[in-house]
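Have a look at the structure below before the remarks.
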Amino acid sequence: MIWNETIECMEREEMRKLQGIRLKRVVEHAYYNTPFYRRKMQEEGLSPDDIESIDDITKLPFTVKQDLRDTYPFGLMAVPMSEIVRLHASSGTTGKPVVVGYTRKDLSIWSEAVARCLYAVGLTRNDAVQVSYGYGLFTGGLGLHGGVEKIGGTVIPMSSGNTQKQIQLMHDFGAKALACTPSYALYLGETIKESGIPREEFQLKTGIFGAEPWTESMRREIEESLGIKAYDIYGLTEIIGPGVGSECECQKGTHLWEDHFFPEIIDPKTLLPVAPGEPGELVFTTLTKEGMPMIRYRTRDLTALHHEKCGCGRTAVRMDRILGRSDDMLIIRGVNVFPSQVEAVILGLPEFEPHYLIVVDRVNNTDTFQIQVEVRPDYYSDEINKVMALKKKITMQMQSVIGIQPEIKIVEPRSIERSMGKAQHVIDNRKLV
Ligand code: DLL
C-alpha cells in the first residue's frame, strides 16, 4: 500500500526537478532568515542565486552537530519563535541537548512522512498501533503518534517502560502493531513468554523498530519471539525525527522520503560525494522544513544509497541498514551517549583519575552500560560507606549529564590499562554490525 503514490513512485527526472525547486526555496529561506546560514554561505562566496538545480547542492557548506550546540538553543530557527509550535531535543556531547523547533507545517510534513512509513509496512486506519517509544523531548513517541493519527489508525500512546502493563494492554486492546526500539521489542517478547498469556491471544502482526542499530539476526529473533513481521524505521532529531524513511514490504532497504529530506553520501575524510551505491556518510538537506531548515547536515551515519526502482513500485531511493558511525557516538538503550560526556564528568570530580573504561553489552536483550573509574590514592578507602558515597556522587552526575544511569564500578588506583597510543575508552560487546 502506498500513501502518496504521486510522490513515492515519481520518475527520477521529475523528482530531481521538484527537489531543485524546493532546494532553491529552502536555501533562500535559510539565507534570509538565519544569520548562521547567511554567514556560512557568504564565507564561501555563495548567494541563493547560485542554486539553480539539485546538482548545485554540492556547492553548499555542511552543517554539523557542533553548529547546533554553538547556536543553542534557538540560533538555527528560521522563523520567529511565535511560529514554533513544538520543541524536541536529543542529547548532545556536552550535556547540552540538541534542540529542534517545528512550525505547524513542519508537524504536518512529519506526520505525512510517518504516514508513508506506516502504509509501507501495511498498516491502515483499521489498525491499532501501540507506540512504546518514549514520549517527551525524544522524537520517537510523538513522531509515531502523529503518523498513526494521520492514517486514521488508533494510537495506543504507551511510551516506554512499565513492561507488564504494556503486555496487558497490547493484549486487551488488540494492538496490531508495535512501535519501539528493537531491543525493547526483544525484551517485550521475552516478557510475554514468561507472562503465560498464550501468544495466539495477541493480535500483533507488525513491528516498526528503529532509533538504534540492529541486525538481520535480531530481526529474526524478534519476529520469532513476537510472531510478527519486523520493519526498520529510520530518522534523526535534527532532520525531523522518526520517519525520514522506512522499509516497505519488500524489505530491500529503507525508502527515504527524498522530496522532503534530500540524501547524499560523502566520503567522511574527503567530504566529496562517493560513486553511486558506494558506502559513506549520510548527509541530509531538509527541502521543505520551515522552523529549522538543515542544509547538508552530516548525520555521521554510515550507509549506501540505491536508486533502482523497488519491487513495491516505489522509486523513492533506498538506503542500506546503518553500518556504523563516523564518530564515536554510542546508542545505549535508545539514548545517544558520547564518551566525551563521560570523560567531562570524570575530569570534573577531584576524587577520580582521568582514566576510565566504558563497557557496553547486551544481556537478556537489554543494553548494559558500565563505567569503570579509578579512585585517586588520597581518596581510596576500604570503608564501604565511603565507597558507596563516591559511587552515588558520580552516578548522579553521569545520570544528569547523559540522561541514563550507568553502573559505576570503582576500581583500584592504576588498575585500568594505560595506553601507549590512542586510549581505548569503549568496549562494545554487543556485536551489532
Ligand atoms: O532516534 C529518531 C527515531 C525514533 C528513529 C524512533 C526511529 C524510531 P535521535 O535520538 O536523534 O533520533 O537519534 C538519531 O539514531 O543518527 C542513527 O545513528 C540512529 N538510528 C535511528 N534510527 C535507526 C535505525 C531518533 N533504524 C540516530 N537503524 C541516527 C540504525 C538508527 N540506527
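Every number for a ligand or one of its atoms is a count from 1 in the order of the listing.
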Please report which non-hydrogen protein atom sits nearest to [atom], along with the residue it belongs to and the distance in Å to one decimal place.
| atom | result |
| --- | --- |
| atom 13 (O) of ligand 1 | N336 ND2, 3.6 Å |
| atom 28 (N) of ligand 1 | E212 O, 3.4 Å |
| atom 22 (N) of ligand 1 | A211 N, 3.1 Å |
| atom 15 (O) of ligand 1 | I331 CD1, 3.5 Å |
| atom 9 (P) of ligand 1 | T237 OG1, 3.4 Å |

Would you mind running through ligand 1 and noting each atom that sits below 4.0 Å from a heavy atom of [X]?
| X | value |
| --- | --- |
| G140 | 4 (C), 6 (C) |
| G210 | 7 (C), 8 (C), 26 (N) |
| Y133 | 6 (C), 8 (C) |
| T139 | 2 (C) |
| I322 | 28 (N), 30 (C), 32 (N) |

Among G143, P182, P242, closest by any non-hydrogen atom to atom 4 (C) of ligand 1: P242
A student comparing G141, G235, P213 should find that the heavy atom closest to atom 2 (C) of ligand 1 comes from G235
Using a 3.5 Å cut-off on N or O atoms only, is [X] in polar contact with ligand 1?
| X | value |
| --- | --- |
| D301 | yes |
| I233 | yes |
| D232 | yes |

For residues [X] and [Y], is any side-chain donor paired with an opposing acceptor at under 3.5 Å?
| X | Y | value |
| --- | --- | --- |
| D259 | Q19 | no |
| Y356 | E343 | yes |
| T254 | E247 | no |

Does any N or O in the side chain of R116 come within less than 3.5 Å of the main-chain N or O of W3, such that one atom is a donor and the other an acceptor? no
Check the surroundings of atom CD in Q370: do more than 12 heavy atoms from other residues, nucleotides or ligands lie under 6.0 Å from it? yes
Mind checking whether R325 has a heavy atom under 4.0 Å from ligand 1? yes
Between F138 and H88 (judged by ring centroids, cut-off 6.0 Å), do the two rings come close enough to count as a pair? no
Flag the pair Y133 / H145 as yes when their ring centroid distance falls below 6.0 Å, and as no otherwise. no
Looking at W214, I'd like to know if the NZ or CZ of R430 sits under 6.0 Å from its six-membered ring centre while staying within 45 degrees of the ring's axis. no
Residue pairs passing the side-chain hydrogen bond (donor to acceptor under 3.5 Å, both in side chains) test with at least one member in residues 162-175, sequence neighbours excluded, are Q130-Q166, S132-Q166, T163-Y184, Q168-D172, H171-E201
Residue pairs passing the ring-ring contact (aromatic ring centres under 6.0 Å, His included) test with at least one member in residues 280-318, sequence neighbours excluded, are none
